[in-house]
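Both ligands and their constituent atoms are indexed starting at 1 by order of listing. Predicted model only: the values in this text are computed from it and were never measured.
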Amino acid sequence: MAGPAPGRRLRLRPLAALALLLALAPGLPAARAGQAPRPAERGPPVRLFTEEELARYGGEEEDQPIYMAVKGVVFDVTSGKEFYGRGAPYNALTGKDSTRGVAKMSLDPADLTHDTTGLTAEELQSLDDVFTTVYKAKYPIVGYTARRILNEDGSPNLDFKPEDQPHFDIKDEF
Ligand code: HEM
C-alpha cells in the first residue's frame, strides 16, 4: 500500500547525496593532507609467516590446510592435495619456501629453500613461468614469508608489494 509521498522521497535521495558530495569534494584533499592513509587505502592486510609457522602446514594432518611458498609468496595448495598431501609426490615442497626446487624441478632436500643463488637464466625463467601459470593461477595467496616482508634487521621492507591476484578473494586472516 505505497502512497506517492514515500516514492518521491526515495527518488530525491540520490540527487541530494550527489549535491552534498559535490559541495564537500573540493575540501576533501585539503582536509586530509598530511594524514596517514586509512587502512582501506593501504589494501588488504597481509599475513606474515615465519619459517616455524609455515612448517605447520606441511600436510601432515588430514584437516589442516596445506601451504607452500614460492618466491616468498605463501599459497594455499590444499586443493592440489593429490600433488601436495601426505604421501603425494610433491609433499616435500610444502610447509616451506621451495623456490629453488621449483626453479630446478628438483625435490632434492638441498634445493628445498628460498635461496636462488647461482640459478641459471633458464631456471629463473622456468621459476617465473611456474610461479605465474601454476601457483598464482591455481592457488590463493594466504600471506608472505618474513624474508619477503622484512629486511634482515627486522625492519619493514619498504619495497614490498603484495602480489596481484584479481581472480581470487585474498583471505583476510585478521
Ligand atoms: C619423473 C618426473 C616427473 C613427472 C613424470 C612429473 C609429472 C607431472 C605432471 C603430469 C604434472 C601435471 C599434473 C596435472 O596438472 O594434473 C606435474 C606437475 C607438477 N610437477 Fe611434476 N613430474 C615430475 C617431476 C617433478 C619434480 C622433480 C618436481 C620438483 C619440483 C615437479 C614439480 C611439479 C609441480 C610443482 C607441478 C605442478 C603441480 C600443481 O599443479 O600444483 N615435478 N608433474
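Under a 4.0 Å heavy-atom criterion, Gly80 is not in contact with ligand 1.
When distances from atom 28 (C) of ligand 1 to the protein are checked, a heavy atom turns up under 4.0 Å. Using a 4.0 Å threshold on non-hydrogen atoms, atom 32 (C) of ligand 1 counts as touching the protein. Put simply, atom 1 (C) of ligand 1 has no protein non-hydrogen atoms near it, under 4.0 Å away. Atom 4 (C) of ligand 1 is never approached by the protein to below 4.0 angstrom, counting heavy atoms only. Distance check on atom 11 (C) of ligand 1: every protein heavy atom falls at or beyond the 4.0 Å cut-off.
None of His114, Lys71, Glu51 except one satisfies the side chain to side chain contact (heavy atoms under 4.5 Å, CB included) rule with Asp97; the exception is His114. Tested against Thr99 for a side chain to side chain contact (heavy atoms under 4.5 Å, CB included), the candidates Thr113, Leu119, Thr116, Leu93 yield a single pass: Thr116.
Per-residue contacts place Val134 under 4.0 angstrom from the following atoms of ligand 1 (heavy atoms of the residue considered): 37 (C), 39 (C), 40 (O), 41 (O). Near Tyr139, the atoms of ligand 1 lying under 4.0 angstrom from a non-hydrogen atom of the residue are 39 (C), 40 (O), 41 (O).
Between the side chain of Tyr144 and the backbone N or O of Glu163, at least one donor-acceptor pair lies under 3.5 Å. In this structure, the side chain of Lys81 does not engage the main chain of Val77 through any donor-acceptor pair within 3.5 Å.
A centroid separation of 6.0 Å or more is found between the aromatic rings of Tyr139 and Phe75.
Counting only heavy atoms of the protein, atom 30 (C) of ligand 1 lies nearest to Gly101 O, 3.6 Å. Among all protein heavy atoms, the one lying closest to atom 38 (C) of ligand 1 is Tyr84 OH, 3.2 Å. Nearest protein heavy-atom contact of atom 26 (C) of ligand 1 is Met105 O, 3.8 Å. If you check which protein heavy atom lies closest to atom 40 (O) of ligand 1, you get Lys138 NZ, 2.7 Å. Protein heavy atom nearest atom 15 (O) of ligand 1, with residue, atom name and distance: Phe83 CZ, 3.7 Å. Counting only heavy atoms of the protein, atom 36 (C) of ligand 1 lies nearest to Tyr90 CE1, 3.8 Å.
The shortest N/O to N/O separation between Tyr135 and ligand 1 does not fall below 3.5 Å.
Under the side chain to side chain donor-acceptor pair (under 3.5 Å) criterion, Tyr84 pairs with Tyr135, sequence neighbours left out.
Under the 4.5 Å side-chain criterion, counting only non-hydrogen atoms from C-beta, Tyr90 is in contact with Leu107.
Note that the CE atom of Met68 and the CZ atom of Phe83 stand 11.5 Å from one another [nearest 0.5 Å]. Interatomic distance, Lys104 NZ to Ser98 OG, rounded to the nearest 0.5 Å: 13.0 Å.
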